[in-house]
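If you're wondering where the values come from, they're calculated on a predicted model, not measured in any experiment.
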Amino acid sequence: MNAVAVIGTGQTNHAKARPDVTQPELIREAVDAALVDAGLTADDIDAVVMSNMEMFEGRALPELWVAEGAYGTGKPVFKIATGGTSGTSACIAGFHQAGSGAFDTVLVVGFEKHSEGHTQTGMALVDPFWDRAVASGALGNFALSISQYMAERGVTEEHAAQVAVKARRNAANNPHAHLQMPDLTIDDVLKSRMLAEPLHLLDMCPQSDGAAAIVVASGDTARKRGPKAAWVHAAATRHDQPYLGDLDRRLITTRALRSAAASAYAQAGITDPLRDFDIAEIYEPASYAELAWYEALEFCDDGEARRLIDDGVTSMDGELPVNPSGGVLSTNPVGASGVIRVAEASLQLLGRAGDRQVAGAKTALATGYGVYAWSDVIVLRSEMP
Amino acid sequence: MTAAKPELVSVTLDLDMTWRYASGDPMDRFLNGVAKGRLEALRCPECDTRYLPPRPFCGRCNVAMDEWGPVSDTGTLIAWTVVHLSIIDGRTGEPRPSPYGMGLVQLDGADTTLNHYLDTADPDRLSIGARVKAVWRDELRGAMDDIIHFEVVP
Amino acid sequence: MADASRQRQRDVAVLGGAETEIVPEDLRSIPEMVLEAVAGALDDAAVQWEDVDAIVTASVDLFDGLTASSIAVTEVVGAVLKPETRIAADGMAAAIHAVHQIAAGAYGTVLVVAHGKASMAPHWDLTEWAMDPVYLQPLGVDFLTVAGLQANLIADSNRVGRCASLGDGACAVVLSSSVPSGAAVITGTGHDLDAHYPGDRDLSTWSGLQRAAGRAYEQAGVRDPATAFAVAEPSCMFPHEEGLFVEATAIGKNTPLSPSGGLMEGTAPIVSGLTRLLAAARAIEGNPGRRALAHGAWGPAGQGHAVAIVEAT
Amino acid sequence: MILEGTIRLPFSYAAGGIGTQFLIALRDEQRILGARCESCSTVTCPARPFCSQCHAAVTDLIEVGPAGNVVARTETPGKGVFGLIRLDGANTAILHRLVGPVDQWRRGARVSAVFAEERTAGINDIEGFVIEGDQP
């Protein structure tokens, strides 16, 4: 793939509800921040890729209405919509557009205003002949997959609670994060409300209102600006069979994520992910999912994820800090969450991550995950490919 | 004393739309079977996977499927949970009762699993590996909720 | 946009494609309908499932009454364990993205698939949910209303004229970086989104199409659109749109429009643009040097436009 | 087989800062506001947060109308007659209902807003636009 780089990022301060702004206004906050960060004006943007799950807010083709928030009027604009991977897939679409030679600078904007609709119901509007009558949204799906994962891997509720605590404590260093809980304890997680056994309230991601944007530049454009950029070294998307009962999509197998990681690692020359990456921003919608992703992303062998969290390998001072931003467990505007992963990974490489900065980060991983068996894996480096 | 919050207006719009969903041939045959209390799966001629829901095409092998085989209404619970959160049923706009049990059931004769409700009257009997059996409604209409739920069998 | 240093985009071949017959109601399921188009496209392009590196699909959830409507077609487009990009817009926008993927060197051969079933729900009522929910949707404004306002300005009619008959259908096209001799190649693309609020833009023109075509002309090196094209395949849903199309693209008044028959006799939501690309490619294949212009449109009164220039080799 | 399946869900969309001011002015004062861009002086009506022409954020609201000229009109079967109306003082046209006898609707006709008796801070607080002089 032709060289491209992320040269700017911007986010809203994510929250449970933003009744003070329309969807276009929410988007504008993130886009203006990204343009300032990139040192550009709206006129410098050649094309816009948007990302959002329109059924969550009951819209059809929402970009028609909201694109003006991204200065999209009179520009090439379209939208990507694949659940949890909407944002990372939109970023990858932006990489391809900027790498195509057609555009110098592409803006990628993800957004979601869950407070305006019904996300769990939206997720349950699946095949009307098969499982619409019984579908229970993300909770039921994850809980089922987790019960199987725990039995197979010997993971306990305490292991998962450690992930939940790490995420919310990291989020306390991130002014954009929705849930910031610097004093959260394992006990707090285990005592929080049971949503779907074994998932406690604090094991799950929140639903957030928020938007995030990145500015992607073609290789030539990025080089002309100087060396400081987050360069894309690999991007891989994999989709898998669609039904919840199709066995290879669950936490113990995660076939799509494993396949995407293998492809991305081969593209970027990653041979020992735990050592090769300095920081990872992975899309973990539930505490248990992060443990499963450690295995799928080859941070460890299958069954060893609990050791990584027990030993603090993925905490801020560990060998590979995972989700310094607080992750999806702390902030989840679905259409934006994948863009946030890429934005946060880029911020680390640009050295602009503030209190959540991992010193000297040079190689970063960003992933997206959609409950319907979609996975994206992206490798970024501070060095040009 | 708190300052009065400035008024923020929002616009409420009710979606209430009916779609005509075409089942397609495999699902049509399958649901006709369900109306008679019968389950069957489509088998891939390449990889031998017996698929539920039956679908026209095996996505692993990229081949069309037309060979049917019987599936039992008894199987093995491979994952289960009890959901304590009520969500709005998008079909009615009304909240769905909670808590309720959900399971992934590998029916004898199928290689994929069926996600469906579980009888939670005796939750201690729910475990991975438990044998479960469909509890059918008295009057069958040819829909997946002709099965009320699955219950653990001794 | 004009950047003299920018490289001409890599040519992308239209290897082949297929579409289902547009019918008022296709009683097949969406995957059954899409499978016919995909299998036909692979056959027409003489490629095997394993030759496809990536898939771009176009679908709109609310039109299908299904969250994440692309999951209905994952298997029948051959996307299992492959890169699939799902775009919620007209199929021509999906095709343009596939061109970008190939030009970026990400993939060699990309399958583009669009499906739409107008029979599922009252289509124009659904389009109310694509209008600004604060200022327009509560009035009951839909795409037909905005098209009617445009028709009033163009044709002085009191309501929108005859409308293309909307039905069910699917289309699939195979694009590739490897160009067989005699193949039609895409030499330029452009897309654009105009202002949403109908009173914000001049509804008497398709200025968005003018911009989209301008971008495509620049890439393809088209200097005089009036004489450049042997054929143009527009996505016109209403009779008054043909004039808007000719004016915005600046094609010659004598350029044959829609020799394939166009959309008026039947089309499906989201599918139209991709069928135009296929028609344009077929119209010029085997006539080296000939060019055709293909067009897709979506949104109220052509808010979104996408253009591809196809050239015979 | 064909399954007729209904989706029934309520959604609630924020009107935002400018939108709230516009809708409250309709409800409480029966006034129509436009948004004046400080960068390019365009007055966009109805008032929205971004300039319709240069896309800059807009904060300056001014009263426009309530009378103006019909720019275009159409009848949507089953839904009524709609028009684009350029209100006095605005540079862009508002889309709303035209009420009254259909045969009077001509482009360029002078019309004026009629407000609903029961107003809820929504765009329907304007009942529609009638030929000037026809107001009740």
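Between A/C205 and A/N332, the closest heavy-atom pair is SG-ND2, 3.4 Å.
For B/L85, the parts lying under 4.5 angstrom from a heavy atom of chain A are both the backbone and the side chain. Neither the backbone nor the side chain of B/L15 has a heavy atom closer than 4.5 Å to any heavy atom of chain A. With a 4.5 angstrom heavy-atom cutoff, B/R96 touches chain A only via side-chain atoms. Of the two parts of B/I78, the backbone and the side chain both hold a non-hydrogen atom closer than 4.5 Å to a non-hydrogen atom of chain A. The contact between B/M102 and chain A is made by backbone and side chain atoms together, counting heavy-atom distances below 4.5 Å.
Of the possible donor and acceptor atoms, one in the side chain of A/R28 sits under 3.5 Å from a partner among the backbone N and O of A/E68.
A salt bridge between A/R255 and A/D246 is absent, with no side-chain N of the basic residue lying under 4.0 Å from a carboxylate O of the acidic one. For the pair B/R55 and A/D127, the salt-bridge criterion is not met [side-chain N within less than 4.0 Å of a carboxylate O].
Ranked by non-hydrogen atom pairs under 4.5 Å with chain A, the options B/I88, B/D111, B/D145 are led by B/I88. For the options B/A143, B/G90, B/S23, heavy-atom pairs under 4.5 Å to chain A are most numerous at B/S23. Of the listed residues A/T121, A/I146, A/L144, the one with more heavy-atom pairs under 4.5 angstrom with chain B than any other is A/L144. Chosen from A/G140, A/P128, A/S145, A/G58, the residue pairing most often with chain B at heavy-atom distances under 4.5 Å is A/P128. Counting heavy-atom pairs closer than 4.5 Å to chain B, the top-ranked of the candidates A/Y149, A/F129, A/W130 is A/W130.
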